[in-house]
There are 2 protein chains.
Amino acid sequence: MKILVVDDDPDLLSLVGFALTQSGFVVVKAIDVPSALQVFAAESPDLAILDINLPGGSGFDICTAIRRQSRIPVMMLTARGEEEDLVRALDLGADDYLTKPFSPRTLLARARALLRRAGLETGGSMTVGSLRLDLEAHLLHVGAAQPVKLTKLESRLLQILIANAGHVVGTERLLTHVWGHRGSGDRQLLKQLVHRLRQKIEEDPAAPQVLQTVAGAGYRLEEKG
Amino acid sequence: MKILVVDDDPDLLSLVGFALTQSGFVVVKAIDVPSALQVFAAESPDLAILDINLPGGSGFDICTAIRRQSRIPVMMLTARGEEEDLVRALDLGADDYLTKPFSPRTLLARARALLRRAGLETGGSMTVGSLRLDLEAHLLHVGAAQPVKLTKLESRLLQILIANAGHVVGTERLLTHVWGHRGSGDRQLLKQLVHRLRQKIEEDPAAPQVLQTVAGAGYRLEEKG
DNA sequence: CCCGACGGTGACATTTCGGTAACATCCGCT
DNA sequence: AGCGGATGTTACCGAAATGTCACCGTCGGG
């Protein structure tokens with residue numbers, strides 16, 4: 001699991017780097033916007049932790065750039081009392097933020113939470129019940145039967161559902177995870193995607209057993225096989 | 001999960017109240033020391049968030065009073081750069097503090113952390129007597145029987161009633177919690193909602209055993225199973 | 001006794017929500 | 001350019017949720 005950390009303060013950078021490395025993460029660092037973008041492209045990390053105040057740019061720029069091509073979780077670091085910054089960060093698609101100063105333990109906990117939520121801590125495949133999803137090949141194995149081919153979006157949807165199997169995942173979260181941030185109006189897309197996914201994974205798509213609707217809330221994947 | 005928030009600034013009070021309510025907490029407020037103590041006694045919240053600077057007293061007094069009779073987690077709010085306050089707060093038994101200004105998200109995160117530490121985090125479900133309400137899935141389990149499906153509004157209503165089981169909850173509070181403020185004229189809505197909820201949860205909806213009417217005041221949920 | 005306030009109840013209107021289909025458009029690939 | 005699958009758009013259906021209305025009974029005070 002690779003994590004990109006961007007901050008212009010060397011002390012903080014090494015502290016955070018140490019904490020993360022200790023916990024078994026691979027850490028890549030950058031101290032300004034251009035190098036951050038370069039490292040991001042070169043290393044394709046699984047999580048980005050971005051300071052907002054950077055020389056010659058801001059974490060927002062990086063966040064925007066990352067979101068244009070990726071849906072990896074992004075955590076922003078802000079100085080205390082910069083409320084507008086937070087709003088903006090979340091608007092740009094950041095998933096979490098941390099106010100300085102923070103403890104390494106907090107950082108670790110949040111980072112883990114993000115990775116777990118995004119279903120990224122599993123590597124290349126995820127399992128629940130009799131389902132096994134292969135992220136790389138976009139294949140879904142149901143029991144011992146022939147694997148089903150999924151599209152990119154279907155795969156993402158299933159990914160977050162599996163990562164949260166047994167729990168309801170809210171519409172908003174699903175939209176963000178699958179499409180990256182966008183106005184909350186696009187429930188239609190989700191409807192369609194769910195519908196199409198059901199056609200592929202449900203025995204009887206008209207009476208879903210696996211991908212359950214939770215009215216007024218979101219969807220839930222049954223954990224049992 | 002009920003949270004007491006004490007601050008003399010109405011803006012901050014309503015902001016915090018809104019944030020917490022949105023996240024499914026039941027919020028009770030107070031703006032000075034005497035009313036805080038009174039509300040604390042009447043509502044027995046699970047967490048207290050106290051401003052330090054209050055007219056006619058200080059959050060310290062409240063903290064002390066609370067600690068005399070309860071071990072619920074207490075979070076103190078301080079203005080920036082009042083270091084001695086922090087020391088004193090922690091001495092008095094406060095569990096955490098937050099420096100103003102802070103973001104709602106931070107507050108939420110800390111509040112959750114405190115509740116978790118105190119072992120009070122319920123993970124989306126609440127229990128009273130033989131009732132168990134699953135907020136996530138909008139399901140109500142009655143004893144060992146089949147769970148009953150609730151609507152969003154029914155779920156919210158039951159949430160605040162369960163959080164206050166055994167105590168009367170005023171009509172006004174119910175309206176605010178369920179519909180998020182509107183002209184006080186809408187008692188009709190509440191009547192209907194209660195009626196519909198009774199159809200689902202009462203053995204004999206015409207003679208309510210669980211969801212009791214308290215004439216001229218509001219409703220009360222019986223605590224015993 | 002009548003009146004009005006209040007709560008309960010049933011019927012009905014309206015709105016919201018999810019599912020589905022059909023079609024349009026986009027995108028990568030050859 | 002042309003193809004085929006993937007994705008986005010629009011429209012419609014039907015059910016469920018929610019809001020409105022009208023009426024009933026009770027209770028307590030003129």
Side-chain angles (χ1 to χ4, degrees), chain A residues 68-69 71 137-140 148-159 161 168-172 174-175 177-221, chain B residues 137-140 148-159 161 168-172 174-175 177-220:
Chain A
R68 254 201 291 277
Q69 52 183 124
R71 259 150 284 273
H138 297 320
L139 288 178
L140 179 71
V148 186
K149 269 196 68 176
L150 300 179
T151 71
K152 212 175 2 165
L153 294 186
E154 287 163 354
S155 185
R156 281 206 208 117
L157 177 61
L158 206 44
Q159 177 189 11
L161 285 171
V168 178
V169 186
T171 307
E172 213 49 49
L174 294 173
L175 284 174
H177 180 86
V178 176
W179 283 275
H181 207 255
R182 57 166 70 223
S184 49
D186 285 316
R187 325 211 138 193
Q188 188 57 28
L189 293 175
L190 185 55
K191 276 201 318 197
Q192 281 301 331
L193 189 59
V194 167
H195 184 235
R196 282 162 179 158
L197 183 53
R198 275 178 177 156
Q199 300 298 318
K200 294 192 180 178
I201 69 174
E202 294 283 354
E203 195 163 327
D204 176 4
Q209 297 300 304
V210 182
L211 209 177
Q212 301 276 357
T213 299
V214 180
Y219 294 89
R220 177 168 41 90
L221 198 75
Chain B
H138 299 321
L139 289 177
L140 179 70
V148 186
K149 281 186 63 171
L150 301 179
T151 72
K152 224 180 340 175
L153 294 186
E154 287 163 354
S155 193
R156 281 207 210 119
L157 177 60
L158 208 43
Q159 178 190 7
L161 286 171
V168 179
V169 185
T171 307
E172 215 48 48
L174 294 174
L175 284 174
H177 180 84
V178 175
W179 282 274
H181 220 266
R182 54 167 67 224
S184 47
D186 285 313
R187 322 205 139 203
Q188 183 58 27
L189 293 176
L190 184 55
K191 278 202 314 198
Q192 281 299 331
L193 189 60
V194 167
H195 182 235
R196 282 162 180 158
L197 184 52
R198 276 179 176 155
Q199 300 297 318
K200 292 191 181 178
I201 69 175
E202 293 284 354
E203 195 163 326
D204 176 5
Q209 297 300 304
V210 182
L211 209 176
Q212 302 276 358
T213 299
V214 180
Y219 295 88
R220 176 169 41 91

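We use all heavy atoms of the structure for the numbers below, so side chains are in, but hydrogens, waters and symmetry mates are not. Quick note on labels: first sequence line is chain A, next is B, and so on, each numbered from 1.
- The CG-P distance, from L175(A) to dG8(D), rounds to 11 Å in whole Å.
- Without hydrogens or angle criteria, Q199(A) side chain to P205(A) main chain gives no donor-acceptor distance under 3.5 Å.
- For the pair W179(B) and dT18(D), the criterion of a side-chain N or O lying under 4.0 Å from OP1 or OP2 is not met.
- Only T151(B), K152(B), L153(B), listed by number, bring a heavy atom of residues 148-159 of chain B to less than 4.0 angstrom from any atom of DNA chain D.
- What you find for V214(A) and H138(B) is that their closest heavy atoms are CG1-CD2, 4.4 Å.
- Side-chain atoms of Q209(B) do not come within 3.5 Å of backbone N or O of E203(B) as any donor-acceptor pair.
- Rounded to whole Å, the distance from CZ on R187(A) to P on dT7(D) is 21 Å.
- Rounded to whole Å, the distance from CG on L190(A) to C1' on dT9(D) is 15 Å.
- Residue L189(A) has its side chain nearest to dT9(D) when only dT9(D), dG8(C), dT9(C) are considered.
- For Q199(B) and dT18(D), the CD to P distance is 15 Å, given to the nearest whole Å.
- In this structure, the CG atom of L193(A) is 14 Å from the C1' atom of dG18(C), given to the nearest Å.
- For the pair Y219(A)/L157(A), no side-chain contact is recorded, criterion being any heavy-atom separation below 4.5 Å from C-beta on.
- In this structure, T171(A) contributes its side chain and A217(A) its backbone to a donor-acceptor pair below 3.5 Å.
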Task: Contact pattern, 5' to 3', of nucleotides 22-30 of chain D - B, S or - by protein heavy atom under 4.0 Å - done: B--------
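- Listed nucleotides dT20(C), dT9(C), dC12(C) differ in distance to R196(B); the shortest reach to its side chain belongs to dC12(C).
- Between V148(B) and I201(B), every side-chain heavy-atom pair lies at or beyond the 4.5 Å cut-off.
- Q212(A) places none of its side-chain heavy atoms less than 4.5 Å from the side chain of L221(A).
- In this structure, R196(B) contributes its side chain and E154(B) its backbone to no donor-acceptor pair below 3.5 Å.
- Between L197(B) atom CG and dT9(C) atom C1' there is a gap of 16 Å when expressed in whole angstrom units.
- In this structure, D186(A) atom CG and dC17(C) atom C1' are separated by 16 Å, rounded to whole Å.
- DNA chain C is contacted by T213(A), G216(A), Y219(A) of residues 210-221 of chain A, taking any non-hydrogen atom closer than 4.0 Å.
- Remark: side-chain polar atoms of R198(B) are paired, donor with acceptor, to backbone N or O of L211(B) under 3.5 angstrom.
- With E202(A) contributing its side chain and A207(A) its backbone, the two residues share no donor-acceptor pair below 3.5 Å.
- Residues L153(B) and Q192(B) fail the side-chain proximity criterion, which asks for heavy atoms closer than 4.5 Å.
- For H195(A), a side-chain nitrogen or oxygen approaches OP1 or OP2 of dT20(C) to under 4.0 Å.
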